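In what follows, a single structure is set out as structure tokens and then discussed.
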Amino acid sequence: MKHISAKAAIFFSLLMLSSCLDKVPGDYVPVDRGMETVTDAEEIVNGIYNTFKSGSLYSGRLTLCPDIQADLVHAVQGNSNTYVNLWQWDILPGNADIEAVYAGLYMAIGQCNYYLDRVGALKESLTDDTAILQLDALTGETYFCRALAYSELIKLFCKPYEPETAEEDLGVVLATSYFGTKPSRRANLKDSYALVISDLEKAEALLDPEDNAYDAVYAKNGAVHALWARVALYMQDWDAAIEHSTEVIECGAYRLADCHSNYSSTQTLLKYLWTNDASYENIFKLGYTSTSYGSAIGSVFLGFTRDYYYYYPDFVPSQTALNLYQSGDQRYSCYFSTGQTGYSHKLSCPLLIKYFGNEALISLKIYHVSMPKILRLAEQYLIRAEAYCRKGSYAKAGADLTTLRKSRFSTGGNVSVSESEWLDVISAERVRELYMEGFRLQDLKRWHKGFERTPQTSCVEEGGSLKVAADDPFFVWPIPRNELEAPGSEIQPNESNR
């Protein structure tokens, strides 16, 4: 995929002034000249990926805020106040970070809808078979991207999926076309997920099942099945979760980043996954270059650029989370390192270095910028293990967890799963593997579990001993106020709006 052109950049420079559903490409470009060639189509799809790169989405808020809100970090005294309101559960409908996530996801959906509205006419005009196949692949990517954006909206702004109540529970506003009147009410949760599945089915039909290279920076067939497995898990469709995760695990295109294999004399494949963002394990990531990259996702955990000597983190890992890592687990040294802070209290503690930054960018003095790894093979093993547990296949679940852990542990890694303890085992392993990748709040929500923080030295007191009950309303983010108050809006609020 080529870099987005000036034409496409202007095409998608959308300002969120009122309802996100109204901010779409045709407001700025004549609709009869927006997608005339396959090159135009490619630029539009590239623009969607660029939207995903933004600090509102995968290089910032969408990834970080759900985990910061949960039980994985503590705010440090002297912090810059970034995300602290979310961490303290002081969450209002006008919260700027939540608004940015909501707007960013609907921006991506608007781009997808414009493409999908226009692609039929473009395809009819083509006579070259190669061009048609290329366009079909781009269309498959677009359906995947829309499914991804909607799945994230549902994850954050809706209750957990319960099959018995999904037809009554609120979903999201389903805008499926750029043209015409936009919907003003939320669909139910069942229909919202049905659209995601429908888009994944269309993406699967259009993307070449044999084209599944690892470390892909645009969606391939493996990414479709990986997202489908995640969505199926959230929908409690255990059979589908097993089916699609197995498709990814057994396709032969990907393998776990092994801590026993070296990329160089100083870095294992596991370490290289995080220092250079490249791995056989990556199913789909957002590709960065020195001139095109997202926000500095690691800044809130390090703040090294304040004086290039000390660290000034806004948040440090919770000791409760750190205690989950066991002897021999090489993820600990990949994710954490003790560092001296520059604050007056001189806190020295384990800091999150998982997002210290891509080494190629650091050589250019671009710090704390890491490529978002949206879909990794490790998650697929965790998905399948949990689905196996839900079906009572504990030996199979233990085998999957052991396979994952052996790739992460210098020695050992074997684990067994039982009927009485499987959720605790799965929960701990998901924290250890997916720390600060945006899963924790959703996991607690769908498991109907609360949490309690334990105060830490030199950390903010208000919120440091927070106790959150299971099914607290703020597990579901409030719908942004500007959406509720937009002219003609009939969008229903969440309980957290009140």
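Source: prediction; values computed, not measured. Quick note: numbers below take in every heavy atom, side chains included, and nothing from hydrogens, waters or symmetry partners.
Residue E462 qualifies as open at atom CD: its count of foreign heavy atoms under 6.0 Å is 12 or below. Around the OH atom of Y214, the shell of radius 6.0 Å holds no more than 12 heavy atoms that belong to other residues, nucleotides or ligands. Within a 6.0 Å radius of CD in E495, no more than 12 heavy atoms belonging to other residues, nucleotides or ligands are found. Within a 6.0 Å sphere centred on NZ of K190, other residues, nucleotides and ligands contribute 12 heavy atoms or fewer.
The aromatic rings of Y288 and Y293 are tilted relative to each other, their planes meeting at an angle between 30° and 60°. The aromatic rings of Y102 and Y106 sit tilted, their planes meeting at an angle between 30° and 60°.
Residues S80 and T82 have side chains that bring a donor and an acceptor to within less than 3.5 angstrom of each other. No side-chain N or O of T268 forms a donor-acceptor pair with one of Q330 less than 3.5 Å apart. Side-chain atoms of E201 and W228 form no donor-acceptor pair, as typed in the model, at a separation below 3.5 Å. Side chains of N323 and Q319: a donor-acceptor N/O pair is present below 3.5 angstrom, by distance only. A donor atom on one side chain and an acceptor atom on the other are found under 3.5 Å apart for E152 and Y58.
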Could you check L286 against K373 for side chain to side chain contact (heavy atoms under 4.5 Å, CB included), going step by step and ending with a plain yes or no?
-> CA-CA 7 Å; L286 297 178; K373 301 153 197 65; over 6 Å; no
Are Q111 and T51 close enough, and set up right, to give a side-chain hydrogen bond (donor to acceptor under 3.5 Å, both in side chains), and what steps lead you there?
-> CA-CA 9 Å; Q111 293 168 294; T51 296; 2.8 Å; yes
Begin with the C-alpha distance, continue with both residues' side-chain angles, and end with the deciding distance and a verdict on side chain to side chain contact (heavy atoms under 4.5 Å, CB included) for Q69 and W89.
-> CA-CA 7 Å; Q69 190 182 335; W89 286 60; 3.5 Å; yes
Please walk me through it: do F315 and H74 pass ring-ring contact (aromatic ring centres under 6.0 Å, His included)?
-> CA-CA 5 Å; F315 298 95; H74 277 258; 9.5 Å; no
Could you walk me through whether Y193 and Y234 pass the ring-ring contact (aromatic ring centres under 6.0 Å, His included) check?
-> CA-CA 10 Å; Y193 268 121; Y234 292 170; 7.6 Å; no
Mind running side-chain hydrogen bond (donor to acceptor under 3.5 Å, both in side chains) on E162 and Q236 for me, showing each step along the way?
-> CA-CA 8 Å; E162 301 292 345; Q236 301 185 27; 3.0 Å; yes
Can you list the steps and then say if R230 with Q442 is a side-chain hydrogen bond (donor to acceptor under 3.5 Å, both in side chains)?
-> CA-CA 12 Å; R230 179 191 294 172; Q442 169 69 5; over 6 Å; no
Which is it for D237 and D239 under the side chain to side chain contact (heavy atoms under 4.5 Å, CB included) test, yes or no, and what are the steps along the way?
-> CA-CA 6 Å; D237 188 346; D239 290 331; 4.2 Å; yes
Residues S59, F52; criterion side chain to side chain contact (heavy atoms under 4.5 Å, CB included); working and verdict = CA-CA 8 Å; S59 71; F52 283 143; over 6 Å; no
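A salt bridge between R453 and D71 is absent, with no side-chain N of the basic residue lying under 4.0 Å from a carboxylate O of the acidic one. The existence of a salt bridge linking E281 and R255 is excluded, since no basic side-chain nitrogen approaches an acidic carboxylate oxygen closer than 4.0 Å. Between R440 and D67, none of the side-chain N atoms (NZ, or NE/NH1/NH2) sits under 4.0 Å from a carboxylate O, so this pair counts as no salt bridge. A salt bridge links E437 with R376: at least one charged nitrogen is closer than 4.0 Å to a carboxylate oxygen. Between R446 and E386 there is a salt bridge, with a side-chain nitrogen of the basic residue lying less than 4.0 Å from a carboxylate oxygen of the acidic one. The existence of a salt bridge linking R408 and D329 is excluded, since no basic side-chain nitrogen approaches an acidic carboxylate oxygen closer than 4.0 Å. Remark: R430 engages D443 in a salt bridge, criterion side-chain N to carboxylate O under 4.0 Å. Checked for salt-bridge contact, E429 and R331 meet the test: a charged N lies under 4.0 Å from a carboxylate O.
Between A229 and S245, the closest heavy-atom pair is CB-N, 3.6 Å. Across all non-hydrogen atoms, the minimal contact from P160 to H448 is CG-CE1, 3.8 Å. Contact between A232 and A241 at its shortest, heavy atoms only, is CB-N, 3.5 Å. In terms of heavy-atom proximity, P313 sits nearest to V316 at CG-CG1, 4.0 Å.
Of the possible donor and acceptor atoms, none in the side chain of N494 sits under 3.5 Å from a partner among the backbone N and O of S496. Not a single donor-acceptor pair under 3.5 Å links the side chain of Y83 to the backbone N or O of D314. N212 places a side-chain N or O within donor-acceptor distance of the main-chain N or O of G222, the cut-off being under 3.5 Å. Side chain of S192 to backbone of V172: a donor-acceptor contact under 3.5 angstrom is found. Of the possible polar contacts, one joining the S363 side chain to the A360 backbone as a donor-acceptor pair under 3.5 Å is found. Between the side chain of Y332 and the main chain of S337, no donor-acceptor pair closer than 3.5 Å is present. Here the side chain of N95 pairs a donor or acceptor atom with the backbone of I98 at under 3.5 angstrom. Between the side chain of K53 and the backbone N or O of G287, at least one donor-acceptor pair lies under 3.5 Å. A donor-acceptor contact shorter than 3.5 Å is absent between the side chain of S427 and the backbone of D424.
Ring pair Y311/F301: centre-to-centre distance not below 6.0 Å. Two rings, from Y218 and Y49, have their centers 6.0 Å or more apart. Under the 6.0 Å cut-off for aromatic ring centres, F304 and Y367 qualify, their centroids lying closer than that.
Screening I297, T275, N276, N358 against S370 for a side-chain contact (heavy atoms from CB on, under 4.5 Å) leaves a single residue, I297.
In this structure, K445 forms no cation-pi arrangement with F475, as its terminal cationic atom is not both closer than 6.0 Å to the ring centre and no more than 45° off the ring axis. Figure legend: cation-pi geometry between K354 and W274, with NZ or CZ positioned under 6.0 Å from the six-membered ring centre and within 45° of its axis. The cationic atom of K202 (NZ for Lys, CZ for Arg) does not lie both less than 6.0 Å from the six-membered ring centre of F144 and within 45° of the ring axis.
Distance check, rounded to the nearest 0.5 Å: OH of Y343 to OG of S348 gives 13.5 Å.
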